[in-house]
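Comments concern the structure below.
What you see below is based on every heavy atom in this structure, not just the backbone, and it leaves out hydrogens, waters and symmetry mates.
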Amino acid sequence: MNSWKLYNQLFIRLVLILLLTGLCFWLFSKNMQYSVIFCGFVIILALFEVYFFVKRIFIFYDKTINAILHNDFSADFSKQYQSKNYKNLYKLYEKLKNKQKDQISKELVFRSILNNVETGVLMLQKQETEWNIFLMNDYFSNHFKVPKVSKWHYLKKQLPSLCELIEDYDFKEVKASIQVRVGKEDLQTFILQTSLTKTYGQDYYVILLDSIQRVVEKKEKEAWINLMKVISHELMNSLTPIRSLTQNMNDLVQQNELSKEDIIDLKESVNTILNRSDHLQNFVENYRKLAMLPSPKKEKVALNKLLKNSLNFMNPLFKEARISVNNTISYNRWLYVDKLQIEQVLINLLTNSIYALKNKTKKEIEISSEVKDKRVFITISDTGKGVEKEIEDKIFLPFFTTRKQGAGIGLTLSKNIIEAHGGYLVYQNEENKTSFVICLVE
């Protein structure tokens, strides 16, 4: 039976009251006074019963709606909901109850994630004209030594240096490095990133703070791990065969007599050890070059002259490999750089292009340049296949190479030289085109 039964019950009660009223008038017309009094008493009782019946319905609906409005789903209406009169109300209540449980579960998960990240997260919520704290993760609270307050002015008392900076930015989106004093400690540098979000007429302001020291330490640690992997790999590649050959030679010299085959083995072992020792010596020498890169001796140099000298040096190799070079730079620019070091960078990049075009039918190198914001961008592109996506982030690591005869320091050395000049070197891989871009101050 559906909820319309409530209306049916109420209708029946009203019809009964009307019938009783009609009966009362009929009895009055027949001068049956006692019957009229009794009938009137029954009508009064029926009216009270209708009143309480309607009141009970409205109270239950009002109680349920109030619980929904106040997000209070702790009440148990299971007995009332057993009645089919409240079937739809029961479905609505249970649906909203389950939705709230799901929302709370998700919120707990999100808070758990935010509390485990090593980044300070502060979320503000705008209420009328004031900002209040919607969420503060554990890292923010612990690092800045502030309690998890709910009001902005409370936080401002605890951490005035940060709050005043945010107010100076007028709660707008910004990305910058800032210095914050925590208590009586020295100033600490952080990367500040903020974003403003509006949803359903509500403003939220998200503040993210990363300690630059932590970021640098993480990058340094990753760089050292990668470097040690390369160095240990290179050392083991030489030391393992050297040890094996030395052990074999030791076994041979322990013999009373040596045969011709033994003497040949000894000679081959000695030659191999010498070759691997030379390789290790070159490896250490290359490392020394990287570690002891001299400071640039800057002078005013024309860009065209730099390119001309580098291309003249590489022309014999281009002709031998049948590579066509297209230098599209027609204008001249003056750079304040170390001429020899920049020429070395250009030669390294052009040499890489030669190896990239080794097995290609279309062998083309293009050199272009553009000027933006007093910076010169020199791009060296070739039609080689480029570097696989999996190793793109490793190409600038010391001693990392994909060539059998490569030392793995060309790109690292080039990157260090450009950075010593206050610029940067980046790798770009587009369809049918591989590029290295050099950025230098004009």
Side-chain angles (χ1 to χ4, degrees), residues 217-295 313-314 316-317 320-321 340-341 344-345 347-359 384-417 419-420 425 427:
E217 285 176 353
K218 184 180 178 182
K219 292 294 183 184
E220 284 181 349
K221 185 178 179 181
E222 289 175 357
W224 273 109
I225 289 172
N226 287 326
L227 180 58
M228 291 311 297
K229 283 180 180 178
V230 174
I231 291 175
S232 60
H233 175 74
E234 197 67 31
L235 290 175
M236 290 305 294
N237 279 351
S238 293
L239 292 177
T240 301
I242 286 175
R243 189 184 186 286
S244 177
L245 290 169
T246 306
Q247 183 66 45
N248 184 49
M249 290 171 64
N250 184 56
D251 292 339
L252 289 175
V253 298
Q254 297 298 324
Q255 298 176 181
N256 294 326
E257 293 183 3
L258 295 175
S259 64
K260 283 186 177 182
E261 290 78 7
D262 294 335
I263 293 171
I264 293 171
D265 285 344
L266 283 171
K267 288 181 179 179
E268 289 178 351
S269 297
V270 170
N271 286 331
T272 304
I273 290 172
L274 283 172
N275 289 334
R276 296 313 301 175
S277 299
D278 289 340
H279 175 77
L280 279 177
Q281 187 176 357
N282 291 333
F283 177 78
V284 174
E285 181 63 24
N286 287 331
Y287 183 80
R288 189 183 66 82
K289 288 179 182 178
L290 289 174
M292 301 179 67
L293 181 68
S295 300
F313 180 82
M314 297 296 294
L317 295 175
E320 183 183 344
L340 295 177
Q341 286 189 2
Q344 182 62 54
V345 171
I347 290 169
N348 287 344
L349 297 179
L350 291 170
T351 302
N352 274 359
S353 293
I354 290 174
Y355 280 101
L357 296 169
K358 191 173 182 180
N359 297 317
K385 66 174 183 178
V387 179
E388 289 81 359
K389 284 283 184 184
E390 294 77 11
I391 61 172
E392 276 188 6
D393 59 337
K394 295 181 174 66
I395 61 173
F396 291 109
L397 286 176
F399 314 114
F400 179 83
T401 181
T402 56
R403 302 202 304 262
K404 290 182 180 179
Q405 304 300 323
I409 68 164
L411 286 176
T412 310
L413 192 61
S414 300
K415 186 172 185 290
N416 289 352
I417 289 172
E419 288 178 352
L425 173 64
Y427 168 80

To the nearest 0.5 Å, what is the distance between OH on Tyr355 and CG on Leu350? 13.5 Å
Output all residues satisfying side chain to side chain contact (heavy atoms under 4.5 Å, CB included) with Ile263, sequence neighbours left out; order by chain, then residue number. Leu258, Lys267
Is there side-chain contact between Met314 and Ile354, with heavy atoms separated by less than 4.5 Å? yes
Tell me, do Leu349 and Leu425 make a side-chain contact under 4.5 Å, heavy atoms counted? yes
Closest approach of Ile347 and Thr351, non-hydrogen atoms and distance? O-OG1, 2.7 Å
With sequence neighbours excluded, residues passing salt bridge (Lys or Arg N to Asp or Glu O under 4.0 Å) with Glu268: none
